[in-house]
Participant: 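One structure follows; several queries about it will come next.
Proteins get letters first, then strands, A, B, ... in listed order; numbering begins at 1 in each.
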Amino acid sequence: MPELPEVEVTRRRIAPFLVGRRIRGVFTTSASYLFLTDPPLLRRRLAGRRVEALERQGKYLVARLDDGRRLVVHLGMTGQLFAGGAASVRLLSAAARASLTPDQQHAFRPDAHTHLRLRFEDGGPQVFLRDVRKFGKVLLLERDASHPRLDRLGPDALGVTGDELFRASRGRELAIKSLLLDQAVITGVGNIYADEALYEAGVRPTRRARRVTRRQFEALATALRRVLERSIETGGSSIRDYVTPDGADGAFQDERRVYGLAGSPCSRCGAAIRRIVVGQRGTHYCPACQR
DNA sequence: ATTCCAACCTGATAGC
DNA sequence: TGCTATCAGGTTGGAA
């Protein structure tokens, strides 16, 4: 689900509910694909800790704790991080929502997909992590510890330059879209924004990376920045599961030009947007505008 | 070293 | 209604 804009919006909006607060109680579900740190250990380590800061590294959220440890969270495809109380009904599926009576439609009740819940000493709003598919990750890093998942990450997509992309592409035969999705090359770009940026830059997603010109890489770097920043401004893309930490939808889905729009007319030339598969990911582009 | 692709999960939706 | 197939904002690890 979440790419750089959704993670950044989540970071900004959940930070007031985390930073400066001391954790009193921790609930987790049992060990699963989601937990890289064993839940009982995680619970022991988090209890009593104060959160000092909340940072983003690519699509990872990193909470710095007052003992030097770090709580690392990745939202995977369906992860939702939000604060209790205000967080609503939008967090549930349409079917689950329909079964609620009006008075139930305000407070969020942790369900089977709610894998982490933090209670705080101040007795204020709790913080929840919900993740239906469990592709997300939760892990606790010891003081000064490193982790391959974080070490592998390349430069943040928001600051990437055409020259960096150009150099990373030398000798690479894979599709340019796949290169953009490689988090070791740049971090933060996912399926939506790769398609959107390639559209804006006029580059066909299937083009071999080494065949993309310097000029096109400049256009791509600019397009990435524009698209990602605009999405952050609008609260991210709420297409399926994503909601902001207060339960609201983002609005960038209304500004998409190609992602999920197969068959619709290109907003620039009117040709029908096409959907193909590149590197096992659904890929959308305009056959006329993108070469 | 690079590229490809199955696997990890669960749910929604479209089509018969 | 019910079943089956396909699709989904991601990442890893192993095979070619």
Participant: Just compare C/dT12, B/dG11, B/dT2 and give me whichever is closest to any side-chain atom of A/Val132.
Facilitator: B/dG11
Participant: Is it the case that atom CZ in A/Arg215 sees more than 12 heavy atoms from other parts of the structure closer than 6.0 Å?
Facilitator: no
Participant: Is there a side-chain contact between A/Cys286 and A/Arg274, using heavy atoms and a 4.5 Å cut-off?
Facilitator: no
Participant: Respond yes when some side-chain nitrogen or oxygen of A/Lys59 is under 4.0 Å from OP1 or OP2 of C/dG10, and no when none is.
Facilitator: yes
Participant: Should side-chain heavy atoms under 4.5 Å link Ile, Leu, Val, Met, Phe, Trp and Tyr, which residues sit in the same cluster as A/Val278?
Facilitator: A/Ile276, A/Tyr285
Participant: Between the base of B/dA12 and the side chain of A/Arg240, is there any donor-acceptor pair under 3.5 Å?
Facilitator: no
Participant: Could you tell me how far apart A/Lys134 (NZ) and B/dA7 (C1') are, to the nearest whole angstrom?
Facilitator: 15 Å
Participant: If B/dC9 has a Watson-Crick or G-U wobble mate with both distances under 3.5 Å, name it; if not, just say none.
Facilitator: none
Participant: Whole Å only: how far is the NE2 atom of A/His74 from the P atom of B/dC9?
Facilitator: 17 Å
Participant: Does a side-chain N or O of A/Gln183 approach OP1 or OP2 of C/dT11 to a distance below 4.0 Å, or not?
Facilitator: yes
Participant: Does A/His113 make a side-chain N or O approach to OP1 or OP2 of B/dG11 shorter than 4.0 Å?
Facilitator: yes
Participant: Just how far, in rounded Å, is C1' of C/dA8 from CG of A/Asp195?
Facilitator: 14 Å
Participant: Between A/Lys137 (NZ) and C/dT11 (P), how many Å, whole number?
Facilitator: 11 Å
Participant: Looking at A/Arg149, does any N or O in its side chain come under 4.0 Å of the phosphate oxygens OP1/OP2 on C/dT11?
Facilitator: no
Participant: Looking for any heavy atom pair under 4.0 Å, which part of the strands does A/Ile239 touch: base, sugar-phosphate only, or nothing?
Facilitator: base
Participant: Does A/Tyr33 make a side-chain donor-acceptor contact with the base of B/dC8, cut-off 3.5 Å?
Facilitator: yes
Participant: With a 6.0 Å cut-off on the ring centroids, do A/Phe252 and A/Tyr193 count as close?
Facilitator: yes
Participant: Pick the P atom in B/dC9 and in C/dC3, then give their distance to the nearest Å.
Facilitator: 24 Å
Participant: May I ask you to say whether A/Arg11 pairs ionically with A/Glu55, meaning some side-chain N is under 4.0 Å from a carboxylate O?
Facilitator: no
Participant: Expressed in angstrom and rounded to an integer, what is the separation of A/Leu180 atom CG from B/dT3 atom P?
Facilitator: 14 Å
Participant: Report the distance from atom CZ of A/Phe135 to atom P of C/dT12, rounded to the nearest whole Å.
Facilitator: 13 Å
Participant: Which residue, A/Arg275 or A/Pro148, contacts DNA chain C at a nucleotide closer to its 5' end, judged by nearest heavy atom?
Facilitator: A/Arg275
Participant: By the 4.0 Å heavy-atom rule, please label A/Arg210 as base, sugar-phosphate, or nothing.
Facilitator: nothing
Participant: Output the rounded distance in Å from CZ (A/Arg172) to C1' (B/dT2).
Facilitator: 7 Å
Participant: Please state how far atom CD in A/Gln280 lies from atom C1' in C/dT12, giving the value in whole angstrom units.
Facilitator: 12 Å
